[in-house]
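Everything on this sheet refers to the single structure shown next.
Only this structure's heavy atoms are used, side chains among them; waters, hydrogens and symmetry mates stay out.
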Amino acid sequence: MKIKIREIIQDDLEDLLKLYEQLGPNPFVQVDEHILTVWNNILQNKDYHIVVAEVEGKIVSTCTCVIISNLTHNQRPYAVVENVVTDQNFRGKGYATSCLDFAKEIAIKNNCYKLMLMTGSKKETTLNFYRNAGYTDKTKTAFDQRV
């Protein structure tokens, strides 16, 4: 199967939302005015990148890469990678790795000094996937606070 890695386009919203259902407890949301407002804000934000892997016209994997301006590290930005998911029927084929590689290229083009990624998974297979993609869990300790 031929894979195409690209950034999201306007018409991909519903396919993306269906894929996001596989992130965890994330039920499909109906496309309404609020969703469309958020969607359009994302599409218009030059620092917000949703990368997708497309196989035969179907979005099978994705990740988000957001570039954050920064006053430290010689004012070089950094990137945050989130929402990494592959359709359960397409896992283990390298699609998510290709999306992460594309996100890394975006970060490099934007002169980022680092990429950050957090996962809620404790599965060793998931952690090894991120390690194999070039991420390390040896340099930082991540915390989050839900509000």
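For K2 and E56, the salt-bridge test fails: no basic side-chain N is under 4.0 Å from an acidic carboxylate O. Salt-bridge check for R131 with E124: passed, with a basic side-chain N closer than 4.0 Å to an acidic carboxylate O. For the pair D87 and K93, the salt-bridge criterion is not met [side-chain N within less than 4.0 Å of a carboxylate O].
Taking every heavy atom of both residues into account, I67 and A107 meet most closely at CD1-CA, 4.3 Å. In terms of heavy atoms, N110 sits closest to P77 at O-CG, 3.2 Å. Residues D15 and I59 share a closest heavy-atom pair of CB-CD1, 4.1 Å. The two residues Y78 and C112 have their closest heavy-atom pair at C-SG, 3.7 Å. The two residues I50 and I42 make their nearest non-hydrogen contact at CD1-CG2, 3.9 Å. In plain terms, the two heavy atoms of N111 and R76 that are nearest each other are O-NE, 3.0 Å.
Other members of a hydrophobic cluster containing I9 are absent, since no ILVMFWY side chain comes under 4.5 Å of it, directly or through relayed contacts.
Once rounded to the nearest 0.5 Å, the distance linking OH of Y130 with CG of L100 reads 6.5 Å. To the nearest 0.5 Å, atoms CG (N74) and OH (Y113) are separated by 10.5 Å. For the atom pair K104 NZ and Y135 OH, the distance stands at 8.5 Å (nearest 0.5 Å). Atoms OH and CD, on Y48 and E7 in that order, are 12.0 Å from each other to the nearest 0.5 Å. The line from NZ of K114 to CD1 of I68 is 11.0 Å long, rounded to the nearest 0.5 Å. The distance from atom CZ of F102 to atom OG1 of T62, rounded to the nearest 0.5 Å, is 11.0 Å.
Taking 4.5 Å as the limit, some side-chain heavy atom of S98 sits within range of a side-chain heavy atom of I3. Side-chain contact between K58 and V55 is absent, with no heavy-atom pair separated by less than 4.5 Å. I8 places a side-chain heavy atom less than 4.5 Å from the side chain of L43. Between M116 and V81 there is no side-chain heavy-atom pair separated by less than 4.5 Å. Between D144 and R146 there is a side-chain heavy-atom pair separated by less than 4.5 Å. When side chains are defined from C-beta on, I35 does not count as touching E14, because their heavy atoms never get closer than 4.5 Å.
In this structure, the side chain of T86 does not engage the main chain of S61 through any donor-acceptor pair within 3.5 Å. For the pair Q22 (side chain) and Q88 (backbone), a donor-acceptor distance under 3.5 Å is present. Side-chain atoms of H34 never come within 3.5 Å of backbone atoms of V31 as a donor-acceptor pair (strictly under, hydrogens ignored).
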Does V85 form a side chain to side chain contact (heavy atoms under 4.5 Å, CB included) with R91? I'd like the steps, not just the answer. CA-CA 9 Å; V85 62; R91 292 182 183 160; 4.3 Å; yes
Given the rule in the side chain to side chain contact (heavy atoms under 4.5 Å, CB included) test, do N89 and V60 qualify, once you have shown the distances and angles that lead to the verdict? CA-CA 8 Å; N89 298 315; V60 299; over 6 Å; no
Does the pair N41 and T37 meet the rule for a side chain to side chain contact (heavy atoms under 4.5 Å, CB included), with working shown? CA-CA 6 Å; N41 286 341; T37 298; 4.0 Å; yes
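Atom NZ of K4 has 12 or fewer neighbouring heavy atoms from other residues, nucleotides or ligands inside a 6.0 Å radius. More than 12 heavy atoms of other residues, nucleotides or ligands shown are found within 6.0 angstrom of CD on Q10.
Under the 4.5 Å side-chain heavy-atom criterion for grouping Ile, Leu, Val, Met, Phe, Trp and Tyr, V80 is connected to Y20 within one hydrophobic cluster.
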